[in-house]
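Working notes, beginning with the structure itself.
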Amino acid sequence: MSRFYVTTPIYYVNDVPHLGTSYTTVAADALRRVHVLRGDDTRMLTGTDEHGLKIEREAQARGVSPAAFVKDMSDRFEATWPKLEVRADDFIRTTQPRHEERVQELWRTIEKKGDLYLGSYEDWYCVGCEEFKTEKDLVQPGNLCPLHQKPVERLKEETYFFRLEKYQQALLDHYEKHPEFIQPEARRNEVVSFVKAGLRDLSVSRTSFTWGIPVPGNPKHVMYVWFDALTNYWSAVQSPDELRRYWSSDGVVHLVGKDIVRFHAVYWPAFLMSAGLPLPKTVYAHGFLTFGGQKMSKSLRNAVDPIGIARAFGGVCGGDDAGADVLRYHLLRAIAFGQDGDFDLAGMVERYNADLGKNLGNLLARTHGLCVKMTEGKVPDAPFDETVRAPIEAERLAALEHWKALAPHRALEATWAIAALANQYVDRAAPWAEDKKGNHERVRVILGTLLSILETLSRLIWPVLPKKSDEMRAQLGLAPLAPVANHDQLAPLPAPLTAGRPLAPASPLFPTIDADGAKALVEKLTPRVEPTPTPTSTPTPTSTSTSTSTPTSTSTSITYDQFSAVDLRVGIVKTCERVPRKDKLLRLTVDLGEAEPRQIVAGLALSFQPDDLVGRRVVVVANLAPRDFGKGLVSHGMLLATGPSETLTLATVPDVEAGAKLK
RNA sequence: GCCGGAGUAGCUCAGACGGUUAGAGCGGGCGUUUCAUACGCGCUAGGUCGGGGGUUCGAUUCCCUCCUCCGGCACCA
């Protein structure tokens, strides 16, 4: 028996469960089910990440305590997953004592090892990211965080550092020795080159807020969110017995989104190495979803409700549970795990009709009907037809291999190949014709064989479509599957069937959705999202709560004198061209009413074609110190603009002559 | 710009250590059976395997180069 411990990321409670998090969680659950059905010692963990400055402020903005706020949000996650037929073995919250104690234990262990030291850190800090940004990360003008498009704050604080640099070589060695540690390969390459480029020690504590786990022996500090959060995978494994069973490096699989690979594949293993603990076997990064071809913006994420989708499909095929099955199937079948993919509603209906309804559902229905007519609605007493064994076994084994390789889409493809083989078999064997000829023994063989294949299919689909598996088995006169330790229930054909056992009355597993129904369904589920204005002007709960000045920051007000020292002038762009080898940069010459136009280099190239800018009026910071971009390319000033670098809007003042001063 | 990944039938993708007519699923078209949820089965897609060059008896598969897309890094006074 092998062991298998699969985790999802713990989800940050600032967000709600959406299609993306559902995808990860459903995938984890499907993997869990495969292993548990094979009799493996299996465990799945999900949970919520609840600390950090952002949460502290969010709670404050809503006038509730952080604890109450996170409880409420965490409950929403915990309540969502069962509705998608996810049966995690454990749900961890980073505010639970069991977690806090173990994180502190890990901290002490690493400290004892000498890998933590006290230093100080001053830099720009983005509340949204919970992260210091170096100057070069910021979007100008305005010192904006590139992700959140909000001004960062200047923070200086005492902080503990983790000696990450020390583990650079050990990490590289580990990647080398264990190619399966980071998957897919493209992500692995990225991480390797990131680490090769050099690691710096990592700041792992904060003094600027209190909503976090206190550092042992120095309660002025709370732990940096990633030290806290990553440790959940280990802290959830509580007893010595569980630790021995699940934290054993050969069975631990972390499923993560591709955006957080680095934390899981660099920081986390370094912490574990320092603490002398086993490393996980695999960090698997899946891709991102688009929805109907659209990028999942925050508003779209909120508007697309996975439970709503499940419910809508449940409406046509037998309840919310069944709808969850359909959603699970589509997520895992339509999107190549590890690659970005598109979630398309019309495609989902198509797949539902084709794969689920026609290939599988109809196979069950026709077999069932034949049995009612020809074997008195009972499982016939007849041997398995050996002629079909080999191709089906090949697909069954392929499916198992693909599950093992973390490729659910391929596993399902192979599973459905079995249904296709069975459909071919009925057609060729034509039991209805044999029946007419009076070959009743042959009919019994054919139908017994089909029932056996269907029984096997009911097992193979269980990890993804648990409710439909139950329903299918009920129609076959079988009990729902229940995992048994050390007992492989995805075993070879023929499936064990009791001759003479009656089948239950049947109704279509997946009633066909006709064109009108499909249209209505798609219409109903397509979210009405306001056409996204410029991202900076979409106020979210977070941005409203954090955009104002804050007591902990050392920023933002300046004196009038300081302001008047800034020489803002209107300029007219005379020439504009791309800067070779710099994707974001444009080189412009701007008329400021001076003798000669000025040369200004600006990061506008993602938003503007050079020609678009010629002749435009712009606002220029005229007395900024010149900046050298190398090779004699010097910028004498800066253009004012707003927005993310892909969709900048230039500040302008209409109908004013070049050189006019702004105040 | 650097480093990865990818560009193959309408769509989603397989595949090829170089070699008979380049594959699957879905959709489309044609045919056919009647047990079944008008379902299944069979046939069908005339695709320059992104462009160009090279190596070779022979390349879509190897090498070079260019283009496009996606990521990571850099650049953003």
Side-chain angles (χ1 to χ4, degrees), chain A residues 135-141 144 146 184-194 196-197 258-259 261-262 285 287-288 317 333-336 338-342 344 346-347 350-351 353-374 409-410 412-413 416-417 419-420 422-436 443 446-447 450 506-514 579-586 600-607 620-630 633-641 645 648:
Chain A
E135 189 117 12
K136 62 184 164 63
D137 293 332
L138 304 178
V139 173
Q140 300 304 340
L144 304 180
E185 205 178 331
R187 297 293 147 205
R188 180 169 179 271
N189 293 339
E190 264 173 38
V191 170
V192 168
S193 59
F194 173 79
K196 272 189 181 154
K258 64 181 185 182
D259 53 332
V261 191
R262 180 179 303 171
F288 282 161
C317 76
R333 175 65 243 265
I335 296 147
Q339 290 177 42
D340 289 348
D342 185 50
D344 176 57
E350 251 172 38
R351 202 172 275 290
N353 279 337
D355 293 5
L356 299 179
K358 296 176 185 178
N359 287 335
L360 180 64
N362 185 58
L363 173 66
L364 176 66
R366 68 197 301 204
T367 305
H368 196 282
L370 287 164
C371 286
V372 167
K373 283 183 190 142
M374 299 170 193
H409 59 297
R410 297 246 167 279
L412 289 171
E413 189 179 25
W416 256 258
N423 273 318
Q424 285 167 20
Y425 176 67
V426 200
D427 244 64
R428 292 196 191 126
W432 50 91
E434 298 293 338
D435 187 60
K436 274 186 197 142
V443 169
I446 296 165
L447 295 183
L450 283 167
S507 62
L509 266 190
F510 303 99
T512 302
I513 301 173
D514 63 21
V579 178
R581 296 164 185 253
K582 310 283 180 198
D583 287 358
K584 288 195 178 180
L585 299 186
L586 294 179
I600 293 179
V601 179
L604 305 173
L606 263 32
S607 297
V620 175
V621 181
N623 61 342
L624 199 63
R627 153 91 182 212
D628 189 353
F629 285 85
L633 186 65
V634 179
S635 181
H636 300 276
M638 179 173 113
L639 298 195
L640 263 37
S645 28
L648 284 167

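A, B, ... follow the sequence lines: proteins, then strands. Residue 1 opens every chain.
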Looking at A:Arg187, I'd like to know whether one of its side-chain N or O atoms comes within less than 4.0 Å of OP1 or OP2 on B:C70.
no
Which residues pass the side-chain hydrogen bond (donor to acceptor under 3.5 Å, both in side chains) test with A:Asp344, sequence neighbours left out?
none
Per-residue pairing states of RNA chain B in dot-bracket (Watson-Crick or G-U under 3.5 Å; . unpaired, | other strand) read (((((((..((((.....[...)))).(((((.......))))).....(((((..]....))))))))))))....
Nearest-nucleotide pick for A:Lys436, side chain only, options being B:C35, B:G27, B:U37
B:C35
A:Leu585 CG - B:C76 P separation (whole Å):
7 Å
With C1' as the reference atom in both, quote the distance from B:A14 to B:U61 in angstrom, rounded to an integer.
14 Å
Which residue lies more 5' along RNA chain B, comparing A:Phe194 with A:Gly369 via nearest heavy atoms:
A:Gly369
Whole angstrom value for the distance that separates C1' of B:G1 from CG of A:Leu586
15 Å
Would you mind classifying the nucleic acid contact of A:Asp355 as base, sugar-phosphate or nothing, using non-hydrogen atoms under 4.0 angstrom?
nothing
Check the phosphate of B:G42 against A:Arg428, side-chain N and O only, distance under 4.0 Å to OP1 or OP2. Yes or no?
yes
Could you check how far CG of A:Asn189 sits from C1' of B:G72, rounded to whole Å?
10 Å
Measuring only the P atom in each nucleotide, how far is B:C49 from B:G7? A whole number of Å is fine.
13 Å
Between B:C76 and B:U8, how far apart are the C1' atoms? Round to whole Å, please.
38 Å
Just how far, in rounded Å, is P of B:C35 from CG of A:Leu447?
13 Å
When rounded to the nearest Å, what value does the distance between P atoms of B:G58 and B:G19 take?
15 Å
Base, sugar-phosphate, or nothing: which does A:Arg262 touch, judged by heavy atoms less than 4.0 Å apart?
sugar-phosphate
Partner residues of A:Asp342 under the side-chain hydrogen bond (donor to acceptor under 3.5 Å, both in side chains) criterion, sequence neighbours left out:
A:Thr290
Scan A:Pro511 against the nucleic acid and name what it touches under 4.0 Å (heavy atoms): base, sugar-phosphate only, or nothing.
base
In whole Å, measure the gap between the P atoms of B:C63 and B:U44 for me.
35 Å
Atom-pair distance (CE on A:Met638; P on B:C75), nearest Å:
17 Å
For B:U32 and B:A38, measure between their C1' atoms and round to the nearest Å.
14 Å
B:C13 P sits how many Å from A:Arg410 CZ, rounded?
10 Å
So, is A:Gln339 close to the B:U12 phosphate, meaning a side-chain N or O under 4.0 Å from OP1 or OP2?
no
Under 3.5 Å: donor-acceptor pair, side chain of A:Trp416, backbone of A:Asn359
no
When you check the phosphate oxygens OP1 and OP2 of B:A36, does a side-chain N or O of A:Lys373 lie under 4.0 Å from one of them?
yes
Roughly how many Å is it from CG in A:Asn353 to P in B:G27, rounded to a whole number?
9 Å
Interatomic spacing from CD in A:Glu350 to CG in A:Asp355 - rounded to 0.5 Å
10.0 Å
I'd like the C1' distance from B:A16 over to B:C2, given in whole Å.
30 Å
Whole-Å distance separating the CG atom of A:Leu509 from the P atom of B:U37
12 Å
Taking B:C41 as the reference, what is the distance to B:C57 when you measure between their P atoms (whole Å, please)?
47 Å
